[in-house]
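Read the structure below first, then the notes.
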Protein chains: 2
Amino acid sequence: MSEDTQEPGDGSRRRDAGATREAILLSAVEAFTRAGYDGAGVREVAGNAGVTAMLVNRYFGSKEHLFVEAVDRSFAPRTVVGDDPDALTEQTAISLAARTAPDADDLDPFLLMLRSAANPRAAEIIRAGVGRHVGRHLTDLLSGPDAAARAELLLSLIAGVWLMRKVVATPALAGMDQDSLARLLTDVMRPLIDPPPA
Amino acid sequence: MSEDTQEPGDGSRRRDAGATREAILLSAVEAFTRAGYDGAGVREVAGNAGVTAMLVNRYFGSKEHLFVEAVDRSFAPRTVVGDDPDALTEQTAISLAARTAPDADDLDPFLLMLRSAANPRAAEIIRAGVGRHVGRHLTDLLSGPDAAARAELLLSLIAGVWLMRKVVATPALAGMDQDSLARLLTDVMRPLIDPPPA
DNA sequence: CAGTGAGGTCTACGGTCGTAGACATAGCGG
DNA sequence: CCGCTATGTCTACGACCGTAGACCTCACTG
């Protein structure tokens with residue numbers, strides 16, 4: 001709308017600290033999701049954002065702090081489960097089956113978590129991020145006894161499916177059609193979501 | 001029993017290629033399980049085995065090939081699930097809850113998998129190892145439709161619990177008592193193990 | 001148009017990584 | 001007792017890592 005906040009479009013970006021910082025952060029989310037905390041280098045993040053490595057540390061202090069913000073950014077806008085409490089189980093199962101489909105490869109926070117958790121420091125940061133974002137929201141959505149544990153168990157299941165289907169790519173699971181997987185996942189998730197098991 | 005195959009006990013080992021190779025392999029399993037493929041260094045593996053880094057490459061060719069053998073060694077003797085087809089669900093749930101307890105920290109293949117999967121090459125090796133060991137055996141144990149997929153989904157669930165309970169250490173799950181967790185896991189696992197859901 | 005501060009880059013350091021080739025040594029066969 | 005081979009070590013190379021400080025340069029202000 002306003003012509004003073006335009007982007008050149010071709011590689012070079014005008015001198016704008018906010019936009020540059022945002023570009024670095026987006027590049028970091030992408031790199032950490034694809035290669036994990038240890039596997040993604042500061043130079044790589046900087047290069048994909050069109051800047052040099054030092055600017056990353058200038059804006060974010062260190063790689064570790066960059067990761068903190070990347071985790072926040074990755075987890076923030078995600079709705080791990082649906083919002084409708086009635087069809088929660090089906091929605092969650094279908095959504096997970098769709099997201100982990102062989103073709104679709106968006107930047108999912110679970111991928112970032114899986115591939116970064118090997119580093120102890122990164123694991124702490126992830127734990128904090130999970131607690132801050134999905135954890136509380138999800139626990140509120142679930143009712144009954146052990147709501148918090150059931151919520152984290154649901155996250156465990158989701159993470160496990162991401163791991164085996166997309167990261168390790170076990171053949172039967174990676175090649176399964178979405179509908180069958182969604183049905184199976186619905187049955188598995190039900191004891192965690194729908195009625196508390198006494 | 002035979003006194004000619006003794007170990008000195010104090011650090012120094014006699015010149016025995018087989019024993020040295022074995023010591024390196026055990027050290028590698030430990031290091032890869034604790035730090036993952038990228039996080040474990042060849043020098044560290046060698047040091048904990050009482051040798052130098054070059055001997056590792058002399059015996060195993062490269063770090064990657066060492067990882068292949070370490071994966072095999074880690075996955076081989078493990079019984080992911082019980083053997084009794086009747087009480088399979090309960091046994092598996094109880095076993096998982098016990099293994100992931102806060103104090104117990106044995107060298108589990110799922111930990112090795114979780115912390116190494118970020119590296120694409122390591123992920124391939126793990127996929128092959130899973131298929132070679134637990135995959136086939138587990139699929140045979142399960143009956144009904146989608147046995148292979150249900151087996152891998154069970155592995156997903158187990159891996160997810162390991163991840164959230166021990167690696168990321170989410171509070172509610174990490175602090176949960178074994179019995180409650182085992183009960184919850186039994187309900188979640190039942191659709192995957194007990195009766196095929198039509 | 002000149003100066004000034006924000007925005008960005010250059011060069012470099014210390015460290016660790018996987019790995020290659022030359023070298024040392026222990027222990028058994030003769 | 002001697003020598004030979006398996007067993008293991010030493011030194012080093014090239015690459016990459018995160019990060020620090022000095023330097024440049026653009027764009028706006030007066």
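All values derive from a computational prediction rather than experimental measurement. Order of the sequence lines sets the chain letters (A, B, ...), proteins ahead of strands, with each chain counted from 1.
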For this session: Would you give the length of the straight line joining atom CE of Met176(B) to atom OG1 of Thr100(B), rounded to the nearest 0.5 angstrom?
Result: 11.0 Å
Exercise. With Arg73(A), which residues qualify under salt bridge (charged side-chain N to carboxylate O under 4.0 Å, His left out), at least two apart?
Worked result: Glu22(A)
Problem set entry | Side chains of Leu173(A) and Leu181(A) in contact at under 4.5 Å (non-hydrogen atoms) | yes
Problem set entry | Test side-chain contact (heavy atoms from CB on, under 4.5 Å) applied to Ala118(B) - qualifying residues, sequence neighbours left out | Arg115(A)
Exercise. How would you list, by chain and number, every residue that makes a side-chain hydrogen bond (donor to acceptor under 3.5 Å, both in side chains) with Thr20(B), sequence neighbours excluded?
Worked result: Arg13(B)
Problem set entry | salt bridge (charged side-chain N to carboxylate O under 4.0 Å, His left out) partners for Arg127(A), two or more places apart | none
Exercise. Ile158(A) versus Met189(A): any side-chain heavy-atom pair under 4.5 Å?
Worked result: yes
Problem set entry | Of residues 38-48 of chain A, the positions that come close to DNA chain D - non-hydrogen atoms, cut-off under 4.0 Å | Ala40(A), Gly41(A), Val42(A), Arg43(A)
Exercise. Residues in side-chain hydrogen bond (donor to acceptor under 3.5 Å, both in side chains) with Glu69(B), at least two apart?
Worked result: Arg21(B)
For this session: Just grab all the salt bridge (charged side-chain N to carboxylate O under 4.0 Å, His left out) pairs involving residues 154-178 of chain B, residues at least two apart or on different chains.
Result: none
Exercise. In terms of ring plane angle, is the pair Phe67(A) and Tyr37(A) parallel, tilted or perpendicular, where the classes change at 30° and 60°?
Worked result: perpendicular
Exercise. What are the 5'-most and 3'-most nucleotides of DNA chain C lying under 4.0 Å from any heavy atom of chain B?
Worked result: dC17(C) to dC28(C)
Exercise. Among all residues two or more places apart in sequence or in another chain, which pass the salt bridge (charged side-chain N to carboxylate O under 4.0 Å, His left out) test with Asp72(B)?
Worked result: Arg132(B)
Exercise. Separation of Arg121(A) atom CZ from dG18(D) atom P, in whole Å?
Worked result: 16 Å
For this session: Answer yes when Arg183(A) and Glu90(A) have at least one side-chain N-carboxylate O distance shorter than 4.0 Å, and no when they do not.
Result: no
Exercise. Which residue, Met54(B) or Ala17(B), contacts DNA chain D at a nucleotide closer to its 5' end, judged by nearest heavy atom?
Worked result: Ala17(B)
Between protein and nucleotides 24-30 of chain D, what N or O pairs are separated by less than 3.5 Å?
from: dT25(D); atom 1: O2; to: Arg15(A); atom 2: NH1; distance (Å): 3.3

Problem set entry | Inter- and intrachain pairs under salt bridge (charged side-chain N to carboxylate O under 4.0 Å, His left out), touching residues 36-57 of chain A, at least two apart | Arg34(A)-Glu44(A)
Seminar exercise, completed: So, with a heavy-atom separation below 4.0 Å from DNA chain C, the residues of residues 57-65 of chain B are Asn57(B), Ser62(B), Lys63(B)
